[in-house]
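Comments concern the structure below.
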Amino acid sequence: MTRNPMTLCLWYEGNAEEAAAFYAATFNNSSVDAVHRAPLDTPGNKEGEVLAVDFTLLGTPCIGINGPPIFKHNESFSFQVHTDTQEETDRLWDAIVGSGGEESVCGWCKDKWGVSWQITPRALTNATMGSDKALAKRAFEAMMKMKKIDIAAIEAAVSAA
């Protein structure tokens with residue numbers, strides 16, 4: 001078996017399996033691949049408890065480790081998920097926020113485990129990163145007023161004369 005040369009490792013406080021199952025159910029090309037139990041007592045687990053979970057998130061290999069409450073997720077690390085439609089944007093945003101997460105601004109939100117997400121429509125990226133500075137400015141100004149990104153509002157800002 002060939003292993004990917006990199007695996008993204010996330011720290012959870014006893015709920016890595018729950019988080020991995022949520023991600024697998026919410027995001028395309030995602031799955032729970034293996035659940036590993038502690039072979040002996042550790043600082044964060046008793047023998048037989050879930051120690052780590054191998055999962056795939058949008059095609060990226062990840063491992064969720066259950067540990068004691070010493071490391072916290074924060075906004076300096078986030079998953080940026082590119083969406084193509086408002087329906088897809090709404091579905092992902094609503095799944096994350098609606099299952100115990102919290103809204104932030106400019107397309108950012110957190111899941112109930114504290115992991116930060118950017119639900120970013122490609123229309124926003126195309127508008128703000130394009131070569132036309134005036135269009136980029138209008139799109140950016142529109143985004144700054146939003147929590148969840150509204151593609152129609154971004155497109156209206158870009159097309160405004």
Side-chain angles (χ1 to χ4, degrees), residues 4-33 35 52-67 69-161:
N4 191 308
M6 186 186 88
T7 299
L8 181 62
C9 182
L10 297 165
W11 187 277
Y12 294 89
E13 295 176 14
N15 44 27
E17 187 173 19
E18 178 188 6
F22 172 77
Y23 303 149
T26 303
F27 297 97
N28 294 331
N29 197 19
S30 300
S31 59
V32 176
D33 303 318
V35 176
V53 179
D54 292 327
F55 62 100
T56 301
L57 178 57
L58 292 163
T60 301
C62 300
I63 186 167
I65 295 176
N66 283 331
I70 55 176
F71 299 118
K72 301 287 183 201
H73 298 285
N74 66 60
E75 290 81 1
S76 66
F77 174 86
S78 63
F79 288 107
Q80 185 176 55
V81 180
H82 304 283
T83 58
D84 292 315
T85 65
Q86 189 65 51
E87 293 76 21
E88 182 182 17
T89 302
D90 293 347
R91 183 184 71 77
L92 296 176
W93 181 275
D94 294 346
I96 292 168
V97 172
S99 63
E102 60 185 70
E103 294 181 312
S104 189
V105 295
C106 302
W108 290 62
C109 58
K110 281 186 188 176
D111 65 28
K112 74 180 199 175
W113 302 281
V115 176
S116 290
W117 296 83
Q118 298 177 59
I119 307 303
T120 309
R122 291 184 201 283
L124 174 64
T125 303
N126 293 341
T128 58
M129 302 297 177
S131 60
D132 187 322
K133 291 187 188 318
L135 295 181
K137 182 178 186 237
R138 289 199 303 265
F140 195 82
E141 287 172 344
M143 175 199 67
M144 293 298 290
K145 299 173 187 168
M146 299 177 189
K147 290 186 178 186
K148 176 174 56 177
I149 302 301
D150 179 338
I151 295 173
I154 295 296
E155 290 171 343
V158 169
S159 65

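Residue indices begin at 1 and follow the sequence shown.
- Counting only residues at least two apart or in different chains, salt bridge (Lys or Arg N to Asp or Glu O under 4.0 Å) contacts with residues 118-133 comprise D84-R122.
- In this structure, NZ in K148 is found 3.5 Å from CG in D90, a value given to the nearest 0.5 Å.
- Side-chain atoms of N66 do not come within 3.5 Å of backbone N or O of A52 as any donor-acceptor pair.
- Take E17 and apply the side chain to side chain contact (heavy atoms under 4.5 Å, CB included) test, not counting sequence neighbours, and it matches V35, V50, V53.
- Sorted by first then second residue, the side-chain hydrogen bond (donor to acceptor under 3.5 Å, both in side chains) pairs that include residues 21-30, not counting sequence neighbours, are Y12-Y23, Y23-D111.
- By the salt bridge (charged side-chain N to carboxylate O under 4.0 Å, His left out) test, E88 is found to be paired with no residue, residues two or more places apart in sequence or in another chain being considered.
- Listed by chain and residue number, W11 satisfy the ring pair (Phe, Tyr, Trp, His ring centres under 6.0 Å) test with F71 (two or more places apart in sequence, or in another chain).
- Note that CZ of F55 and OG of S31 are 10.0 Å apart. Values are rounded to the nearest 0.5 Å.
- Although no hydrogens or angles enter the test, the distance criterion places a donor-acceptor pair under 3.5 Å between the side chain of Q86 and the main chain of I149.
- Residues meeting the side chain to side chain contact (heavy atoms under 4.5 Å, CB included) test with K145, sequence neighbours left out: none.
- Annotation for F140: atom CZ does not count as buried by contact number, only 12 or fewer foreign heavy atoms lying within 6.0 Å.
- The OG atom of S78 lies 9.5 Å from the CD1 atom of I119; values are rounded to the nearest 0.5 Å.
- In this structure, G114 and H73 approach most closely via the heavy-atom pair O-CB, 3.1 Å.
- For F79, the ring pair (Phe, Tyr, Trp, His ring centres under 6.0 Å) test picks out F77, W117, with sequence neighbours left out.
- Residues passing the side chain to side chain contact (heavy atoms under 4.5 Å, CB included) test with A24 are V32, sequence neighbours excluded.
- In terms of the salt bridge (charged side-chain N to carboxylate O under 4.0 Å, His left out) criterion, D33 has no residue partners (sequence neighbours excluded).
- Looking at every heavy atom in both residues, I151 comes nearest to T85 through CD1-C, 3.5 Å.
- Here the CG-CD1 distance, from L135 to I154, works out to 12.0 Å after rounding to the nearest 0.5 Å.
- Considering CZ of F27 and CG of L57, their distance stands at 6.5 Å, rounded to 0.5 Å.
- Nearest approach of C109 to V97, heavy atoms of both residues: CB-CG2, 3.8 Å.
- Taking all atoms of both residues into account, the shortest heavy-atom contact from K112 to S99 is CD-O, 3.2 Å.
- The shortest distance between side-chain heavy atoms of T120 and T125 falls below 4.5 Å.
- Of all the heavy atoms in D150 and M146, the pair that sits closest is N-SD, 3.3 Å.
- For E87, there are no salt bridge (charged side-chain N to carboxylate O under 4.0 Å, His left out) partners, not counting sequence neighbours.
- Contacts of K110 classified as side chain to side chain contact (heavy atoms under 4.5 Å, CB included), with partners at least two apart in sequence or in another chain: E75, E102, S116.
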Working for side-chain contact (heavy atoms from CB on, under 4.5 Å), residues L92 and T83: CA-CA 9 Å; L92 296 176; T83 58; 3.8 Å; yes

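- Applying the salt bridge (charged side-chain N to carboxylate O under 4.0 Å, His left out) test to E103 and every residue at least two apart in sequence or in another chain returns K147.
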